[in-house]
Every structure is written in structure tokens, then in C-alpha cells.
Amino acid sequence: MTSMRVRVILRVMAILGSVLSATPASARASYDAALRVFRLDGGDITYAFGVTQAGLLESVYWGPRLASEDTLSAYDLPGLSSVDPAASISGQEYPGWGGGLYTEPTLKLAYPDGVRDVVLHYVKHRISGDTITIELADISRPIHVTLRYTIDPDTGIIGRSAAIRNDGDVPVRLDQASSAAWSLPIGDDYRLHYLTGRWAAEWTLESRPVTAGSTVIESRRGSTSHQANPWFAIDRAGLSTEEAGPVWFGALAWSGSWRISVDRDPIGDVRVVGGLNPFDFAYQLKPGESLDTPIFYAGYSGHGMGGASRLLHRFERTKILPGGSSARLRPVLYNSWEATEFAVDEPGQMALAEKAAKIGIERFVMDDGWFGARNNDHAGLGDWFVNPTKFPNGLKPLIDKVHGLGMEFGLWVEPEMVNADSNLYRAHPDWVIGMSGRPKTEQRNQMVLNLARTDVRDYVLKAVDDLVTKNDIQFLKWDHNRNWSEPGWPGIDPAEQQKLYVAYVENLYYIMRELRRRHPKLEIESCSGGGGRVDLGIMALTDQVWPSDNTDPFDRLTIQDGFTHAYAPGVMMAWVTDSPNWVNNRTTSLKYRFLSSMQGGLGVGANLSRWTDADFAEATRLVAAYKQIRRTVLQGDLYRLISPDNNSERSATFYVSPDKAQAVLFAFLHSSTKLDRMPSIQVTGLDPAKRYKMRAIDADPNAADPIQSGAYWMAHGVDLSLVGDFQADGRIFDVVESTRR
Ligand code: GLA
């Protein structure tokens, strides 16, 4: 019998075993001392790992929730052959590079004497509530790793991180420090899904079979990146669909360079290793120092990609975002960027604010151009004082005006950057990231401030804090418009310079945390040239994100579809802008633009001075309709009914409120041909026994609209007669207590 077969049988036996476990049924985090197995139960999942006889910490089970009396065991597997030793095929939870490991390590290091291997063995553990802490140590040198596991009782999403501590008396250089390795059950039809993109084209969903070898998704850019996003989902080609079948998924809480590697090893096992990107990484741990890795969250759903994203959305809403379950719903905002670009001034912004207030906008945001010598993107970044020509009386008159119109006031900032043409750079040319004596590549004419320096961190914090303290500002759109290049930290020991990758991001988080502490009502949007910095790390400190600079309402359908695979619609801002749109010169109706944007946090970014009275009237109606469905869209369950991917002619999304009292359908048609009829749209997620009245999104709520059971709407479907190019429709379903009409 091959060792692969042995393993399958052992694992099946482990799962189906009927020996009574010592674990109390109520415990969410537990340890079976006899079998040396740790177990986390939460939501609909069970996760288990154990200590082998050899002392390695090995993955045991990750999938649907098991009965509390089921027994799970960790096994010392024999090597497969002389070239596939046990260490390499055993699915370790946190493998060090050593002991014959040829698969992806989580930890790789080097001592000054040339020793470069590390073999981590279990030492002890602690269990407290939903958390298990495991202490690992190298077999002979004083390097310790503390693994932390927490499980969310609601969603079963597990957060894992590692703290690597040098307890010796010589420095240790870490060359790779990942957060976790996740092992999937044995299977041969795994399919990986991940998100890629570029500026104005973020959130493209890629899918590929997990075949032998590695798929690496990563950012080497110093921040999260447009190019790839630190999220993955793996389903099974033979079993999984949008709404059914197993899906394992995960997301890294880190806004710096990161890497997730999905490997299928020579014996067919699939593992996901993720954390700080080892590319160009070197972190000196002095004696007594430790490094905490970012948290790598992961979960499991038996309800397809849709179920996986709904779990993630709920987790983000309740456990990641500031405010958790009691966070405010996103205010409807206006943003000036596409209307005025850098040409902002007091009268122009006041005029826009008056028009914005008329349609029901709740937050007015002045974008780039208000500070320093900022008339274009060549100057001013770094000088966070109000431009005296554009705002001779400071910001107060505009802010007062906006408040007087009943709206909050928000401001664009890009605090991590500097233009060469700025007072800040002239005073502190040494404050930017770069390599001594080498050119500094500029992008959008700007350089990146070295936030890892304490003096720069303190300057940036003070500049933004002053701005928010001296002006009555409720919201900051925090931008980050370029990636790093020449990522050096001039002026310090070369051996320490690559700490930049960690220290920069930690200081960014520190600044945002401190600003929120000092200004508890301040809200922040994470923007990075569009969607270049969206991840669970920044989301813990920001209230909403800007998914893309691409505001074409048709392109947005695929952008938003990709986005919602990983992130909650409740943070996804979407603006209604002008038509034809600048991206594709495409013309769409105001209704189409609104319905595209109403699927997330609604904003308006059009030049309102060009709008007709009819535009204002229609926008006012649609903003009012949005406010009636906002809680359902932002906090409900999202069902992606028809994907806009692969040049689909149609697409549809459906949002159901947590209590199933309201649902909203958005449907889009690209173009009809040859008298095509729109097929009925089978909605899902309603309560079959409840009765729902369905009305058009922009119609009178008291109109005589059809009332049917949830069962009817889900089985019979909804007939929409969309005909033409770029057509859109929306329907609201409200539970009614009344009898059949
Ligand atoms: C970035 C943002 C835009 C806008 C401009 C301003 O590109 O993504 O929304 O704020 O900067 O310069």
C-alpha cells in the first residue's frame, strides 16, 4: 500500500473515529491531552492540529464542523522515499526551513556563524476562551515561535499569527517570516481563485486548477497593491459552484509587501503559506527582540463561493471594521475630484455643496488641490496647509457652509508622500525612501516618505492631527498614489534597512490608530490610486475603501463583483459620475449609473453644475430610494445571482437583510440582440414562508405592486423586461403581513 493510501485511510479513520473525546462539548478551543490534538470549533467549522511523536506540530483537520465526541489524531507519517522525507510531506502548521523540508517554509533564518536551518518542536500551550497559544522552540538554538490561533464563534473564521523571538545572545536574521501554513484535505480537483488587477482595472477574478507546483500571488511594492490582493479561495472543481460545495478561503491583514503561495507538493497535498513577502526581506532580530507577523485569517464554507464571501463579509463587518456591529451605515457622499480635479476654490466648492445638498447628500468631500502649491500633481504634497489663494479665509467658511447645508465635511489627504517641489522636501530631503547615492524613481512626480523613521512618523501624525484639530472635519480620504521603488532606509546600518518593510506599515497603523483615538468621531477612507490598499489590516483602521478610480458604471460591475469575493459591500464606495465617462467614453443613463453605484456605499462624483433639473429630480428620487435599502445593501447577505464575468450579457446581484424582512435586486443588461428576452431571475435567500411585496426601486412605495411568498419569488423568479444597451433595473422586496391581493 502506498503511503498516500495509508494517509487517506488514517485521516478518514481519524475523522470517523468514535472514541469519546475528553473535550467538553461547550469548549470552542480545546486540547485532547491523550491524543495531543488541539481543536477549534466555531460557526460551522472544526479546525484541528496536533503534536506528532516526533514533536512536530501538524495539521489534522479543517472543514465542516464535527461532533464534539469525534476523535482526531496527529500521525507520524513515514517518508515516501529517500527524496520525499517525512518532514516534507507532513503538513506542518509552522514549518521551519530545516530537517529535510522541501516544501514552502514559514520560517527561514540565518545566524552569524553560518547556521541557517531551524527545526521547530512543540514546547507548551495555553488555552483561553477562543484562543490557543502554542510555544515552539528550535531543537537546539534559543529561537522561539509563539503561534496564536483564535476562532470567531460566529463565522468559524480562524486568525493565525506567529511571534518569533530571539532568546539568544547573538542576532538572528529572518529571511522569511510567514504568518501561517494552511493544509487542505487530500483532494485532487482543487481550483484556486484570486484577485488581480492594475490601476483602473482592479479586482479581476482569476481561477486556475491547483496542479503540481506553486502559484504565488504577491506584492513587492511596499503596499497591498492593485496587481494582486492578499485573498484566496480554493474550491473543488467537481463539487463547488457559486452557491454550493466546499470552499476554503483566507485573507491577510497586512498593508505592506505580502505573499501567498499555494503549493501542491509531490505527493499531491495542497498547502497555502502566507505572510510577509520574503522577497528582498531581511529582518535582524537582536538578542531579546521579537517580530510579530500579520494575522492570516481563513475560513471554510460548504455553500460555495457565495457562502464563503458572505462569511467573510459578516466577519469583516462584525470583527474587523472599526465600530464592529454598531458601526454607522456609510453616509451618501459627494466627492469633487472628477468635477474639478485640482481647480478647487471656495466659491466653486460652495456652489457644488449647495447642489449636492439638494439631492440628499450627507457628506461633502473636497478632494485633491486644496493645500500647499497644489495646482497639479507636480507640487505641494507634504505641505499640509491650506492654499491661501484658493481659500483666502482658510477652510472655515466652506466647512461652515457645508455644515449649514446639513452635510458632514471631508477632506482628501495623501500624508505618506512628498513632491520634490514642496517645502517639506526642501527642508528634509533625507526623509524619503531611497538608496544612498542612487536616483530615486518618481511616480506621479512624488516620493514616499520613510514612515519607518520615528521623526517622519511623528511629523505625519502631527500634520494630520493639526488639520483635524483646527478644522471641523468628519472624514479623511487617505490616499497613497504610488508604490515603493529603491526601498532603502538611508542613514542607518545597512543590515537594518530592510526592516523598512515592517516598520513602515506598523507606523502607518500607529498613526491611524492614534488619530482615531484622538478624534473618535473621525472616519477614514482607504484609497490608493483607487483600490491599491484594501486588506484586512487597513480595514481595521478605516471605515470604507475606494475600490477603483474607474467610475465607468459598466466596468464597475465586474470590478465590484471581484471586490465582493473578498470584501464587504458595506465598505465599497461607488460614485455616480458624468456620462460619457472618462474611462471608456461610454454613455449611460443616470439610472444605470445610480443602480451600478447603489450596490455599495453610494457616492456622487459628477460635475453637478452641468446637471439639468430633470437630472436633479431623478437623482433626488434615487438617493431617497437608496436610503430605504441602505441597511440591506450594506449589512445584508449578498447573493451574486448572475456574474458579469466573461463578457456576460447580463448580471444581477441580490441583497437580503439579516432578518429577511427586505431584499433588493439589481439587474443589468449589456445589450440585447435579435429580440432576446431576459430570462426570469431566480432570487435566493428569502424566507419561503414570508410574503414579500415587490416594487421598482424608483417607484412610489405605496403603489399596487405584486405580493407573493418568498418561495414564489425564489422558484418562479422575477421577470424584468430589459431591452436595449446598458439597461438597468432594481426591485425592492419588503415583507408584508397582509393577505394575498
Ligand atoms: C487618486 C485617487 C482619486 C483622486 C486623485 C487625486 O488617483 O484615487 O480618487 O483622489 O488621487 O489626486
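Keep in mind it's a predicted model, so treat the numbers as computed, not measured. For ligands, and for the atoms within them, numbers begin at 1 and follow the listed sequence.
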Open item on the list: Between Asn419 and Gln446, do the side chains contain a donor N or O and an acceptor N or O under 3.5 Å apart?
Closed with: no

Looking only at the aromatic ring of each residue, does the gap between the centers of Trp489 and Tyr504 stay below 6.0 angstrom? no

Contacts of Ser225 meeting side chain to side chain contact (heavy atoms under 4.5 Å, CB included) (sequence neighbours excluded), chain-then-number -> Ser219, Arg221, Gln227

So ring-ring contact (aromatic ring centres under 6.0 Å, His included) across residues 442-474, not counting sequence neighbours, yields Trp431-Tyr459

Sequence neighbours excluded and cut-off under 3.5 Å, please list the side-chain donor-acceptor pairs for residues 349-359, or say none.
| residue | atom | partner | partner atom | Å |
| --- | --- | --- | --- | --- |
| Glu354 | OE2 | Lys401 | NZ | 2.4 |

Protein neighbours of ligand 1 with a heavy atom under 4.0 Å, given by chain and number, are Trp337, Asp367, Asp368, Trp412, Arg444, Lys477, Asp479, Asn481, Cys527, Gly529, Gly530, Trp546, Asp549

Would you call the rings of Phe726 and Tyr592 parallel, tilted or perpendicular, taking 30° and 60° as the class edges?
perpendicular

